[in-house]
Amino acid sequence: MPNPTTTMLVAVVSSGIRGSHSSCPVASAANLFLRASSVRARAPTSLRRRSNSKVSWRSKAMASAHPSQGLPSGMDPSMVDEYASQSKLLQEFVKIPSIGKAWIFTSKDENTSRAMVSVSQSDLLANKKRSFLLNTHISKSSSKSVSFQWSPFPVEMSGVSAVVPSPSGEKLLLVRNAEDDDSPTKLEIWGPCQLENEIHVARSVHGSLYTDGWFEGISWNHEETLIAYVAEEPPQPKPEFNDSGYKKEGSSQKDCRSWKGQGDIEDSWGETYSNKRIPALFVANISSGEVRALKGIPRSLSAGQVIWAPSSSYSLVFVAWSDDNGFQETPRKLGIKYCYNRPCALYAAADPFKEEADEPSTDSNMGDTAALVKLTADLSSAFFPRFSPDGKYLVFISAKSAVDSGAHNATNSMHKIDWPTDGKLEGSLGVSDVVPTVMSPQDGCFPGMYCSGLLRSPWLSDGRTMILSSAWGSKEVILSINIASGEVSRVSPQDSDYSWNVLALDNNNILAVSSSLVTLPQMYYGFEDSHTDKPCQWDWQEIPSPFPKPSDKVSSLLADHKFSVIKIPVSNPSDKLPDGANLPFEAIFVSGKDSASSPTIVVLHGGPHSVYPSSYSRSLAFLYAQGYNLLVVNYRGSLGFGEEALQSLPGNIGSQDVNDVLTALDFVKKRGLIDASRVAVVGGSHGGFLTTHLIGQAPDTFVAAAARNPVCNLQLMVGTTDIPDWCFLEVYGKEGKNCFTESPLADTLTQFYQKSPISHISKVKTPTLFLLGAKDLRVPVSNGLQYARALKERGVDTKTIVFPEDIHGLDKPQSDFESFLNIGVWFKKYMSK
């Protein structure tokens, strides 16, 4: 019998299916009919190999139509041919699709299952990312081999914000967020072969659903009759005016003779959330279409990551972040994107569809506001809640090291709560450790948890083993964690420097993706090896890719390169630092056949508490494909090396991290691996901070530089960024958390200036490219502009490109394309001499 979810996917894109079903795991192309709602199934042009794309044809037509048109502003006439050839190469890399999420649905036959895999691809012409779903039939044999039968065509999910299958795979939720303020949000409930219900949620009920991966929480209940989710609260009332002045009584009806004012400013959660209203909880009945809000959550709490609890009078568990992030816990939302140091807690609440008689009484600790229970009152951070399959444990991740220290990211820990068997949350719930914070890892041993997400159901069949992805030095690895014993094991290959990420679980087997800086992402299927005495040994089988092979040129360029992870000894170990801070850090070295005579690009990650993993990066592949070595430095303070190494950087930015980068560069120079006379440097955010510091502190080292939204002047940044606390913490260390204020003293501002790259600007002579987002709230555009203008004032060769609609990440497809194209051309100009 075909799996209902696979059948649904055909139905989602069809107005009807005629003829009998074949034994093939998906219907043939002839059976697919386009649906008027713009969800389409087809083989996209961009997923097929063609010698000419629409973009290139359009470019040729424009060129012939305007033969006398001058060069674009700022383009070097001597680099026009280079610009053209590099843009053609970059487009070859852009065509390669990316693997996103995956879902696996088991069947009664333990040897067969079905899967959906989401794929995305940049559409440069439309300046957006297009999303597709691929279906596959999975067949397993007793000899632990597996075969995947992929559907011939992907299904494009146009206009779909989220895809959420029900636990059984019998139903499928498609979320279509409104594209304007007047349209409703649509929730489509699909069953086998048909649309079962389409719920239109008016703007007066709530706005768009959060599908951001952080506040996002969309969860089916166990009976698959209700869906809990996080959405923007309805718009708050605004003052209204007409020709007589202020209207004392507002109206929901549009009136052409009146207009709405702005009212008081309301804090947002900063970067990427500036236009979003407060996240709130809602539950939809998929049969009746009724939507109810979870009442009683104060507006000072922002809710997210909701899940359903086992049988309990408190049916929902969710995460909530408090507004009190300002000086001495005054009300102030600070930027939350990439900031795990925002205090949060787990709460339990009742299903709003329950009868009032069944609802729990008001929690005395919450006053009269809500029937809420705070589950993690003694922890400063708790998120990503997951119930064990038997409902006995509530397991979650904590970033208490980040919250308590003030660092925006740090080493995670894992905890669990024994969930009451009677479902009554009375008295104190005990929270116990599963995986503690690792301070200083032994060589080659587990360095601690660095988890940016969990599967919806991350459990093996024993109900005690959780599978997740985590950073481990300069690699991403797959871990198994036994929540009963706390034992942590590495599931992905021990001897591999490749990065691995879990996609989905198939009972006790794992669907994963692996890649390296010189290898495209490849899916693997993992079986636990029960025929060995060694614990946690897994066999990994490569899955034939459903994607077309990249062009011969791209394949050849990737094959011509290799990479290695290098351990770099600390140049100046100090007795004042803890042991973990004196351990070697790492750098990833990517090289071609003649690395010793090739120019090199030093690549620096932002954060600073993040990490550049060894996984495939389109942007970096484009750079080394032009004949460069890459030196990707994970300086002390990066994730994946233990808490002591990470916490050694706050208070020492601009010195310790700069010295680590120069130490890594000296390491490869002394071994004759690179041409020391041709070295460039590139970085974004804190990587841009390091880039501009390096060209000032080591002015004779780099022949070219490129900085994306760089931190150049902390004195200017502190009053304009969405994370002013970051400035205090990174400049002063842990003391900075206590002295953070919106009105820093003159001495503090002087210290900010002295820690900033702009304090070294008089020594800079390196030609530098600046790439800036005009709507960046994290490092506002004024930071990069001031520094670039100061360099120009001093006669240093500079080029500045501002992307008017971009924020900190510069990740709109056209902006990302133009950004790295200009980096490639800029480096070629100065490293070819």
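Basis for what follows: all heavy atoms, side chains included, without hydrogens, waters or symmetry-related copies.
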Check against side chain to side chain donor-acceptor pair (under 3.5 Å), Tyr450 and Thr411: CA-CA 6 Å; Tyr450 304 90; Thr411 312; 2.9 Å; yes
Derivation and outcome, side chain to side chain donor-acceptor pair (under 3.5 Å), residues Trp726 and Thr721: CA-CA 9 Å; Trp726 180 92; Thr721 178; over 6 Å; no
Intermediate values then yes/no, side chain to side chain contact (heavy atoms under 4.5 Å, CB included), Val230 and Val306: CA-CA 7 Å; Val230 182; Val306 63; 4.2 Å; yes
Test log, rule side chain to side chain donor-acceptor pair (under 3.5 Å), inputs His222 and Glu224: CA-CA 5 Å; His222 305 289; Glu224 301 187 356; over 6 Å; no
Test side chain to side chain contact (heavy atoms under 4.5 Å, CB included) applied to Val403 and Ser381, step by step: CA-CA 7 Å; Val403 175; Ser381 172; 3.8 Å; yes
Evaluation steps, ring pair (Phe, Tyr, Trp, His ring centres under 6.0 Å), between Trp419 and Phe387: CA-CA 9 Å; Trp419 198 252; Phe387 279 98; 4.9 Å; yes
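A side-chain donor from one of Ser380 and Asp404 sits under 3.5 Å from a side-chain acceptor of the other. Using modelled atom types, one finds a donor on one side chain and an acceptor on the other under 3.5 Å when comparing Gln647 with Ser405. Ser258 and Glu240 share a side-chain donor-acceptor pair at under 3.5 Å. Looking only at atom types and distance, the side chain of His605 has a donor-acceptor partner in the side chain of Ser638 under 3.5 Å away. Under the 3.5 Å distance criterion, with hydrogens and angles disregarded, no donor-acceptor pair is assigned to the side chains of Tyr338 and Ser610. Side-chain N/O atoms of Trp308 and Ser315 include no donor and acceptor closer than 3.5 Å. With 3.5 Å as the limit, one finds no donor-acceptor pair spanning the side chains of Asp811 and Ser815. A donor atom on one side chain and an acceptor atom on the other are not found under 3.5 Å apart for His408 and Asn341. Counting only N and O atoms by type, the side chains of Asp390 and Ser388 include a donor and acceptor under 3.5 Å apart. No hydrogens or angles considered: a donor-acceptor pair under 3.5 Å links the side chains of Asp180 and Ser183.
The residues Lys333 and Asp324 are annotated as not salt-bridged, no charged nitrogen and carboxylate oxygen being separated by less than 4.0 angstrom. Looking at Glu805 and Lys812, no side-chain N of the basic residue comes within less than 4.0 Å of a carboxylate O on the acidic one, giving no salt bridge. Between Glu730 and Lys755, no side-chain nitrogen of the basic residue sits less than 4.0 Å from a carboxylate oxygen of the acidic one, so the salt-bridge criterion is not met. We find that Glu188 and Arg176 are joined by a salt bridge, their nearest charged nitrogen and carboxylate oxygen being less than 4.0 Å apart. Ion pairing between Glu742 and Arg332 holds under the 4.0 Å rule for side-chain N and carboxylate O.
Side-chain N or O atoms of Ser756 include one that pairs as donor or acceptor with a backbone N or O of Phe752 at under 3.5 Å. The main-chain N or O of Leu749 is found under 3.5 Å from a side-chain atom of Gln715 such that the two form a donor-acceptor pair. Formation of a donor-acceptor pair under 3.5 Å by the Arg386 side chain with backbone atoms of Leu394 is not found in this model. The backbone N or O of Pro167 lies less than 3.5 Å from no partner atom in the side chain of Arg456, so there is not a single donor-acceptor pair. Listed for the Gln305 side chain is no donor-acceptor partner under 3.5 Å among the backbone atoms of Gly217. For the pair Ser398 (side chain) and Lys400 (backbone), a donor-acceptor distance under 3.5 Å is present. Of the possible polar contacts, one joining the Arg292 side chain to the Pro352 backbone as a donor-acceptor pair under 3.5 Å is found. Without hydrogens or angle criteria, Asn783 side chain to Cys712 main chain gives a donor-acceptor distance under 3.5 Å. Trp220 places a side-chain N or O within donor-acceptor distance of the main-chain N or O of Val164, the cut-off being under 3.5 Å. A distance-only check finds a donor-acceptor pair linking the side chain of Glu271 to the backbone of His808 [under 3.5 Å].
Minimum heavy-atom separation, Tyr732 to Gln751: OH-CB, 3.5 Å. Summarising the geometry of Ile227 relative to Tyr229, their closest heavy-atom pair is O-CD2, 3.7 Å, with the distance given to 0.1 Å.
Stacking of Lys260 on the aromatic ring of Phe241 is not recorded, the 6.0 Å distance cut-off and the 45° axial limit not both being met.
If you look at Tyr340 and Trp214, their ring centroids are closer than 6.0 Å.
Applying side-chain contact (heavy atoms from CB on, under 4.5 Å) to Met449 and the options Val438, Leu639, Ile397 leaves one that passes, Ile397.
The number of heavy atoms from other shown groups lying within 6.0 Å of NZ (Lys238) is above 12.
Judged as a ring-ring contact (aromatic ring centres under 6.0 Å, His included), the pairs with a partner in residues 270-295 (not counting sequence neighbours) are, in order, His206-Phe282, Phe215-Tyr273.
Taking the six-membered ring for Trp and thresholds of 30 and 60 degrees, Phe318 and Tyr347 have nearly parallel ring planes, at less than 30 degrees apart.
With sequence neighbours excluded, no residue satisfies salt bridge (Lys or Arg N to Asp or Glu O under 4.0 Å) with Arg708. Thr748 pairs by the side-chain hydrogen bond (donor to acceptor under 3.5 Å, both in side chains) definition with nothing, not counting sequence neighbours.
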